[in-house]
Amino acid sequence: QVQLVESGGGLVQAGGSLRLSCAASGRTVSVASMGWFRQAPGKEREVVARITWRGGRTYYADSVEGRFTISRDNAKNTVYLQMNSLKPEDTAVYYCAADPGVLTTTQASYWGQGTQVTVSS
């Protein structure tokens, strides 16, 4: 089992920045990719960004490309999501997730508890 603990959410004005952190513990050797999903009220959960644990390959949703950056610190078993130029439409609960394979909307074995990000206009 892998446990994920997120931190860093909060309230920010449009145009501002936030950084989310996700610390993994437990059987982390089994993890191949980690990333962030988000879910806004009335909307489906979507992948925001993901990163492979060994090669560091990244993927971003079109809606956040160029504004968000995902990174990892292998020594700390931690993944970060730097969010810049935030927009009100970025408001959602953000979830950290991990998987032994490729993280997708239908494949995510481990989940964090979620952290609220609210962007005011």
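Remember, predicted model here, so these are calculated numbers, not experimental data. All heavy atoms count here, side chains included; hydrogens, waters and symmetry mates do not.
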Could you tell me which non-hydrogen atom of [X] sits nearest to which non-hydrogen atom of [Y], and how far apart they are?
{"X": "Gly9", "Y": "Val117", "value": "CA-CG2, 4.2 Å"}
{"X": "Gly101", "Y": "Ala32", "value": "O-CB, 3.8 Å"}
{"X": "Asp90", "Y": "Ser85", "value": "OD2-O, 4.4 Å"}
{"X": "Val31", "Y": "Trp53", "value": "O-CB, 3.8 Å"}
{"X": "Val79", "Y": "Trp36", "value": "CG1-NE1, 3.6 Å"}

Membership question, hydrophobic clusters at under 4.5 Å side-chain separation (ILVMFWY): are Trp111 and Val93 in the same one?
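Looking at the clustering, Trp111 is in the same group as Val93.
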
Given the rule that I, L, V, M, F, W and Y join up when any side-chain heavy atoms are under 4.5 Å apart, are Tyr60 and Val47 in one cluster?
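No, because Tyr60 and Val47 fall into different hydrophobic clusters, even though each may have its own neighbours under 4.5 Å.
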
Main-chain N/O of Arg57 paired with Thr52 side-chain donor or acceptor, under 3.5 Å
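Yes, Thr52 side chain to Arg57 backbone: donor-acceptor pair under 3.5 Å.
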
Is there a donor-acceptor pair under 3.5 Å between the side chain of Thr104 and the backbone N or O of Thr106?
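A pair under 3.5 Å: yes.
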
Rounded distance (nearest 0.5 Å) linking atom [atom1] of [X] with atom [atom2] of [Y]:
{"X": "Arg72", "Y": "Ser33", "atom1": "CZ", "atom2": "OG", "result": "11.5 Å"}
{"X": "Ile51", "Y": "Tyr80", "atom1": "CD1", "atom2": "OH", "result": "11.5 Å"}
{"X": "Ser21", "Y": "Leu4", "atom1": "OG", "atom2": "CG", "result": "12.5 Å"}
{"X": "Thr78", "Y": "Met34", "atom1": "OG1", "atom2": "CE", "result": "7.5 Å"}
{"X": "Leu20", "Y": "Ser7", "atom1": "CG", "atom2": "OG", "result": "8.0 Å"}
{"X": "Phe68", "Y": "Leu18", "atom1": "CZ", "atom2": "CG", "result": "9.0 Å"}

Heavy-atom distance under 4.5 Å between the side chains of [X] and [Y], does that happen here?
{"X": "Gln13", "Y": "Val119", "value": "no"}
{"X": "Pro100", "Y": "Arg27", "value": "no"}
{"X": "Gln82", "Y": "Ser17", "value": "yes"}
{"X": "Tyr59", "Y": "Leu103", "value": "no"}
{"X": "Phe37", "Y": "Thr105", "value": "yes"}
{"X": "Thr91", "Y": "Glu89", "value": "no"}
{"X": "Gln113", "Y": "Glu6", "value": "yes"}
{"X": "Arg38", "Y": "Tyr95", "value": "no"}

Quick test of your reading: applying disulfide (SG to SG under 2.5 Å), list the pairs with at least one residue in residues 42-120, sequence neighbours left out, ordered by first then second residue.
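Qualifying pairs, neighbours excluded: Cys22-Cys96.
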
Applying side chain to side chain contact (heavy atoms under 4.5 Å, CB included), run through Met83 and Tyr94 and close with a yes or a no.
CA-CA 12 Å; Met83 304 185 293; Tyr94 284 69; 3.9 Å; yes

Any chance the side chains of Ser109 and Asp99 put a donor and an acceptor closer than 3.5 Å?
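Note: Ser109 and Asp99 side chains meet the donor-acceptor criterion.
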
Could you go through Ser30 and Val2, starting from their C-alpha distance and side-chain angles, then the distance that decides it, and tell me whether this counts as side chain to side chain contact (heavy atoms under 4.5 Å, CB included)?
CA-CA 8 Å; Ser30 68; Val2 175; 4.0 Å; yes

